[in-house]
Peer 1: 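For reference, the structure I am asking about is given below.
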Amino acid sequence: MASLEVRNAVRAAVTTAASPIDVHDLSDYVTLDDCLGEIDSSAVLIQYIASDETVQTIGGAGSNGYEETDSVALHYIVPTGFDSTPTVTTGDSIREDLRGQRLTPEITVESVSPFIDMPSGLYGGAWHAWVSNLFIVRRDCG
């Protein structure tokens with residue numbers, strides 16, 4: 001799981017980039033249906049997918065630090081049955097705002113993939129979703 005520092009930084013950055021769209025952390029819900037039940041129009045859902053931490057040598061011997069890498073999915077959901085152009089435009093805006101951002105002195109957004117279509121059946125049929133993957137790096141220089 002991503003560290004609390006990464007989670008807090010990602011949540012703040014996504015909330016700013018997606019404003020005024022609501023943002024929900026899927027870790028706070030038991031099921032996807034629980035989360036979808038709280039959404040009226042559109043939302044961005046944050047899902048922490050994979051994390052790793054490795055020792056990194058920084059400087060000379062005995063000067064080790066750590067590098068945490070995280071993969072985070074952003075699910076941008078809207079009601080089905082509408083033209084996709086405004087949603088794709090908003091998704092691109094969110095992505096462009098996040099990419100390359102230094103969230104804290106230690107945490108960087110290394111890449112943000114373009115949003116891709118997801119089958120609406122995964123989200124209960126009433127929602128259409130697009131998903132983007134963020135690759136986050138946190139460097140702790142020890």
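Because the structure is a prediction, the values reported are computed rather than measured.
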Peer 1: Using atom types as modelled, flag every donor-acceptor pair under 3.5 Å from a side chain in residues 20-29 to any protein atom, sequence neighbours excluded.
Peer 2:
unit_1: H24; atom_1: ND1; unit_2: Y29; atom_2: OH; d: 2.9
unit_1: D25; atom_1: OD1; unit_2: S27; atom_2: N; d: 2.8
unit_1: D25; atom_1: OD1; unit_2: S27; atom_2: OG; d: 3.1
unit_1: S27; atom_1: OG; unit_2: R7; atom_2: NH1; d: 3.0
unit_1: Y29; atom_1: OH; unit_2: E38; atom_2: OE1; d: 3.0

Peer 1: May I have all residue pairs that pass salt bridge (Lys or Arg N to Asp or Glu O under 4.0 Å) and include part of residues 125-134, sequence neighbours excluded?
Peer 2: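 For residues 125-134: none.
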Peer 1: Okay, side chain of D34, backbone of T31: is any donor-acceptor separation there less than 3.5 Å?
Peer 2: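 Yes, the answer is positive, given that a donor and an acceptor are paired below the 3.5 Å cut-off.
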Peer 1: Could you tell me how the ring of F115 sits relative to the ring of Y76: parallel (under 30°), tilted (30 to 60°) or perpendicular (over 60°)?
Peer 2: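 Aromatic pair F115/Y76 classed perpendicular.
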Peer 1: So, using side chain to side chain donor-acceptor pair (under 3.5 Å) as the criterion, who are the partners of E5 when residues are at least two apart?
Peer 2: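 With neighbours one apart ignored, the set is R138.
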Peer 1: Is any side-chain heavy atom of W130 less than 4.5 Å from a side-chain heavy atom of T87?
Peer 2: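 Answer yes - side chains close enough.
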Peer 1: Checking A13 now: which residues fulfil side-chain contact (heavy atoms from CB on, under 4.5 Å) with it, not counting sequence neighbours?
Peer 2: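 Once residues adjacent in sequence are excluded, the partners of A13 under the side-chain contact (heavy atoms from CB on, under 4.5 Å) criterion are L98, Q101, L103.
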Peer 1: Who clusters with V137? Use side-chain heavy atoms, under 4.5 angstrom, across I, L, V, M, F, W and Y, and order the result by chain and number.
Peer 2: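 In the cluster with V137 are F135.
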Peer 1: Within the 4.5 Å heavy-atom criterion, are I136 and T69 side-chain neighbours or not?
Peer 2: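 Heavy-atom side-chain distance check fails, nothing below 4.5 Å.
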Peer 1: May I ask you to test the I77-H128 pair for a side-chain heavy-atom distance under 4.5 Å?
Peer 2: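 Heavy-atom side-chain distance check fails, nothing below 4.5 Å.
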Peer 1: Run the side-chain contact (heavy atoms from CB on, under 4.5 Å) check on L36 and W127 step by step: do they pass?
Peer 2: CA-CA 9 Å; L36 294 175; W127 301 101; 3.9 Å; yes
Peer 1: For L74, run the side chain to side chain contact (heavy atoms under 4.5 Å, CB included) check against V131, L45, L134, V112 and tell me which one passes.
Peer 2: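 Per the side chain to side chain contact (heavy atoms under 4.5 Å, CB included) rule, the option paired with L74 is L134, out of V131, L45, L134, V112.
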Peer 1: Considering residues at least two apart in sequence or located in another chain, which fulfil the side chain to side chain donor-acceptor pair (under 3.5 Å) criterion with N133?
Peer 2: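 With neighbours one apart ignored, the set is S71.
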Peer 1: Looking only at heavy atoms, what is the nearest atom pair of S41 and P79, with distance?
Peer 2: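 It is O-CD, 2.9 Å.
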Peer 1: Just how far is it from atom OG of S3 to atom OH of Y48, taken to the nearest 0.5 Å?
Peer 2: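 Separation between the atoms: 9.5 Å.
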Peer 1: Run the side-chain contact (heavy atoms from CB on, under 4.5 Å) test against T89 and tell me which residues pass, sequence neighbours left out.
Peer 2: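 Scan of T89 (side-chain contact (heavy atoms from CB on, under 4.5 Å), adjacent residues dropped) gives T85.
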Peer 1: Do you know which two heavy atoms are closest between A17 and I94, and how far apart they sit?
Peer 2: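 Distance-wise, the nearest heavy atoms are O-CG1, 3.7 Å.
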Peer 1: Considering only residues two or more places apart or on different chains, which pairs with a residue in residues 99-118 satisfy salt bridge (Lys or Arg N to Asp or Glu O under 4.0 Å)?
Peer 2: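 For residues 99-118, and leaving out neighbouring residues, the salt bridge (Lys or Arg N to Asp or Glu O under 4.0 Å) pairs sorted by first residue read E110-R139.
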Peer 1: Taking C-beta and beyond as the side chain, do C35 and I39 meet within less than 4.5 Å on heavy atoms?
Peer 2: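 Yes. Closest side-chain heavy atoms under 4.5 Å.
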Peer 1: Is any side-chain heavy atom of Q47 closer than 4.5 Å to one of I49?
Peer 2: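 Yes, their side chains come closer than 4.5 Å.
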Peer 1: I need the full list of salt bridge (Lys or Arg N to Asp or Glu O under 4.0 Å) pairs touching residues 82-94, with sequence neighbours left out, sorted by first then second residue.
Peer 2: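 Counting only pairs at least two positions apart or across chains, the salt bridge (Lys or Arg N to Asp or Glu O under 4.0 Å) contacts touching residues 82-94 are D92-R95.
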